[in-house]
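Okay, structure first, notes after.
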Amino acid sequence: MKSRPSLRRLALLGATGSIGRQVCDLVERYPSRLALHALVAGSDAAALEALARRYPEAHALLAHPAADDPDRAARAIDDLMRDPEVDLVVIAAAGSAALAPTLAALEAGKDIALATKEVLVMAGELVRERMRRHGSQIFPIDSEHSAIWQCLWGEKERAVRRLILTGSGGPFLRRPLETFGSVTIAEALAHPRWKMGPKITVDSATMMNKGLEVIEAHFLFDVPYQAIDVVVHPQSVVHSMVEFVDGSIKAQLGIPDMHLPIAVALGFPERLEGVTTAPDLATLGQLSFEALDLERYPAVALAREAGERGGTAPAVLNAANEEAVALFLKGQRRFDDIVPSVRRAMEAAPPARELTLSALVEADRWARARVRASVDGAGRLRSKLPA
Ligand SMILES: NC(=O)c1ccc[n+]([C@@H]2O[C@H](COP(=O)([O-])OP(=O)(O)OC[C@H]3O[C@@H](n4cnc5c(N)ncnc54)[C@H](OP(=O)(O)O)[C@@H]3O)[C@@H](O)[C@H]2O)c1
């Protein structure tokens with residue numbers, strides 16, 4: 001095992017986002033344990049500048065600077081991911097943009113605290129191969145995977161029977177199915193429990209997020225798909241569970257606050273003191289669990305199917321979903337067409353001969369173009385909405 005310094009210097013990809021800002025909060029709260037070596041954002045120069053003023057000692061970089069060569073920016077990010085001064089890379093950039101920096105960090109033997117599940121969904125095999133080859137580790141930030149990770153500490157692999165991911169069901173758990181066609185952007189962004197970035201919030205409303213998490217869990221914990229289940233738990237207090245061969249189930253509980261799983265990953269193998277308050281069991285009221293309704297949430301079965309098919313199918317699923325959600329957020333796609341458009345892309349996707357990075361990038365590009373092509377210049381769905 002690598003020795004880990006007590007002060008951990010972080011390179012943070014996605015610094016201006018919802019997870020990125022919570023990482024910054026923790027750096028401020030635990031200055032003897034965490035420091036920022038580098039901050040990377042996408043294109044929001046003003047937000048990055050504000051952060052750079054707060055952390056003048058950290059390098060600050062934009063992946064898409066307004067007036068610069070994007071290749072130069074990509075090379076600079078690649079260098080940061082490999083910088084010997086960095087102890088832990090935090091990957092919290094939205095979506096597939098995080099893939100190349102993640103692979104660079106793994107190649108440099110860095111440990112990664114990973115929020116961006118899309119990286120594992122798109123390229124789980126490649127990521128696992130890089131980890132094995134370079135001796136790096138991934139510490140999950142996603143609350144469900146953090147919960148499973150914590151339940152597995154000290155357990156033998158052969159003792160695990162199945163992983164049980166919990167999901168709140170999002171804002172539409174009780175909404176009549178026949179009204180899904182009229183869901184507005186504001187309604188989809190109003191998550192009842194978690195405050196997150198827009199893409200993952202829409203994914204929580206379709207529960208594609210849970211589908212992506214099934215694939216993420218498969219690659220993180222090396223467990224077959226048949227041994228990964230999903231259960232609906234509206235209160236979001238039990239963050240996930242592991243069932244063992246003797247019939248025991250271990251669960252991890254906490255208030256719905258991402259600071260906690262982020263701190264578990266940043267502090268590992270130690271716990272940071274007082275990150276959140278623990279839930280008060282006496283006043284919590286009822287904790288309930290219910291079976292997942294696949295008619296309401298077909299995205300979970302679709303994602304599982306992509307995972308089981310393997311190859312480039314998860315990359316197609318992921319890219320088609322990112323694109324469909326982006327179109328929905330621009331008012332150019334109906335909410336109830338997000339998942340069908342991902343399914344159509346998956347059905348039409350050409351099979352890849354070999355699972356290489358370029359095949360994955362090509363599958364990603366193809367799926368985005370395919371989803372975009374179904375919208376006309378005025379932003380109407382060609383196949384569904386009348387002119
Ligand atoms: N938010 C949560 O509670 C939560 C929970 C679990 C997992 N996750 C996962 O964590 C990831 C981030 O989620 P989020 O909610 O924090 O997203 P977010 O609020 O939308 O933030 C995305 C971040 O990525 C940056 N970015 C965009 N393109 C980039 C690029 N090419 N290179 C580097 N940075 C880039 C953005 O910068 P600009 O501001 O400049 O665009 C922003 O800092 C997602 O994969 C999500 O599924 C999030």
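In listed order, ligands and their atoms are each counted from 1. All values below come from the heavy atoms of this structure, side chains included, with hydrogens, waters and symmetry mates left out.
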Which residues, ordered by chain and number, are linked to Ile338 in its hydrophobic cluster, where ILVMFWY side chains connect at heavy-atom gaps below 4.5 Å, directly or through other members?
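Listed partners: Phe172, Leu177, Phe180, Val183, Ile185, Leu189, Val202, Val325, Phe328, Leu329, Phe335.
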
Any donor-acceptor N or O pair under 3.5 Å, side chains [X], [Y]:
X: Asn318; Y: Asp364; result: no
X: Gln235; Y: His233; result: yes
X: Lys117; Y: Asn209; result: yes
X: Ser6; Y: Arg33; result: no
X: Glu28; Y: Tyr55; result: yes
X: Arg271; Y: Gln150; result: yes

Below the 3.5 angstrom mark, is there an N/O of [X], backbone or side chain, next to an N/O of ligand 1?
X: Gly42; answer: yes
X: Gly17; answer: yes
X: Gly197; answer: yes
X: Ser143; answer: no
X: Val40; answer: no

Report the nearest protein non-hydrogen atom to [atom]: residue, atom name, distance rounded to 0.1 Å.
atom: atom 16 (O) of ligand 1; answer: Ile19 N, 2.9 Å
atom: atom 20 (O) of ligand 1; answer: Pro198 CD, 4.0 Å
atom: atom 3 (O) of ligand 1; answer: Met196 CG, 3.2 Å

For [X], take its heavy atoms, then give the atoms of ligand 1 lying under 4.0 Å from any of them.
X: Ala115; result: 7 (C), 8 (N), 9 (C), 10 (O)
X: Thr116; result: 11 (C), 45 (O)
X: Gly14; result: 23 (C), 24 (O), 25 (C), 34 (N), 43 (O)
X: Ser43; result: 38 (P), 40 (O), 41 (O)
X: Ala94; result: 22 (C), 23 (C), 24 (O)
X: Ala63; result: 30 (C), 31 (N), 32 (N)
X: Ala93; result: 24 (O), 33 (C), 34 (N), 35 (C)
X: Thr16; result: 36 (C), 37 (O), 38 (P), 39 (O), 40 (O), 42 (C), 43 (O)

Should the proximity of Ile200 to ligand 1, defined as any heavy atom under 4.0 Å, be assigned to the side chain, the backbone, both, or neither?
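Ile200 to ligand 1: side-chain contact only, backbone stays beyond 4.0 Å.
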
Select one of side chain, backbone, both or neither to describe which atoms of Ala15 lie under 4.0 Å from any atom of ligand 1, heavy atoms only.
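Backbone only.
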
Can you check which of [options] brings a heavy atom nearest to [atom]?
atom: atom 33 (C) of ligand 1; options: Ser18, Gly95, Ala41, Ala97; value: Ala41
atom: atom 5 (C) of ligand 1; options: Glu118, Glu144, Lys195, Met258; value: Met258
atom: atom 7 (C) of ligand 1; options: Leu39, Asp142, Leu212; value: Asp142
atom: atom 31 (N) of ligand 1; options: His64, Gln22, Arg21; value: His64

Distance-only, no hydrogens or angles: does the Glu322 side chain make a donor-acceptor pair with backbone N or O of Ser96 under 3.5 Å?
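Answer holds: yes.
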
Counting only heavy atoms not in Glu347, do more than 12 fall under 6.0 Å of its CD?
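Correct, the count exceeds 12.
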
Atom CD of residue position Glu273 - does it have more than 12 heavy atoms of other residues, nucleotides or ligands inside 6.0 Å?
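No, CD of Glu273 has 12 or fewer neighbouring heavy atoms, counting only those of other groups under 6.0 Å.
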
Can you sort out the partners of Arg72 under side-chain contact (heavy atoms from CB on, under 4.5 Å), two or more places apart, ordered by chain and number?
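Testing Arg72 for side-chain contact (heavy atoms from CB on, under 4.5 Å), a comparison that skips the adjacent residues, returns Asp68, Asp69, Arg75.
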
Please state whether Ala92 comes within less than 4.0 angstrom of ligand 1, counting heavy atoms only.
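Contact check Ala92 vs ligand 1: positive.
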
For residues Leu253 and His239, report the shortest heavy-atom separation together with the two atoms involved.
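Closest pair (atom of Leu253, atom of His239, distance): C-CD2, 4.1 Å.
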
Parallel, tilted or perpendicular: ring planes of His145 versus Phe221, cut at 30 and 60 degrees
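Because their plane-to-plane angle is under 30°, the rings of His145 and Phe221 count as parallel.
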
Is the shortest distance from a Lys or Arg side-chain nitrogen in Lys199 or Asp203 to a carboxylate oxygen in the other one below 4.0 Å?
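Counted as a salt bridge, because a side-chain N and a carboxylate O are separated by less than 4.0 Å.
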
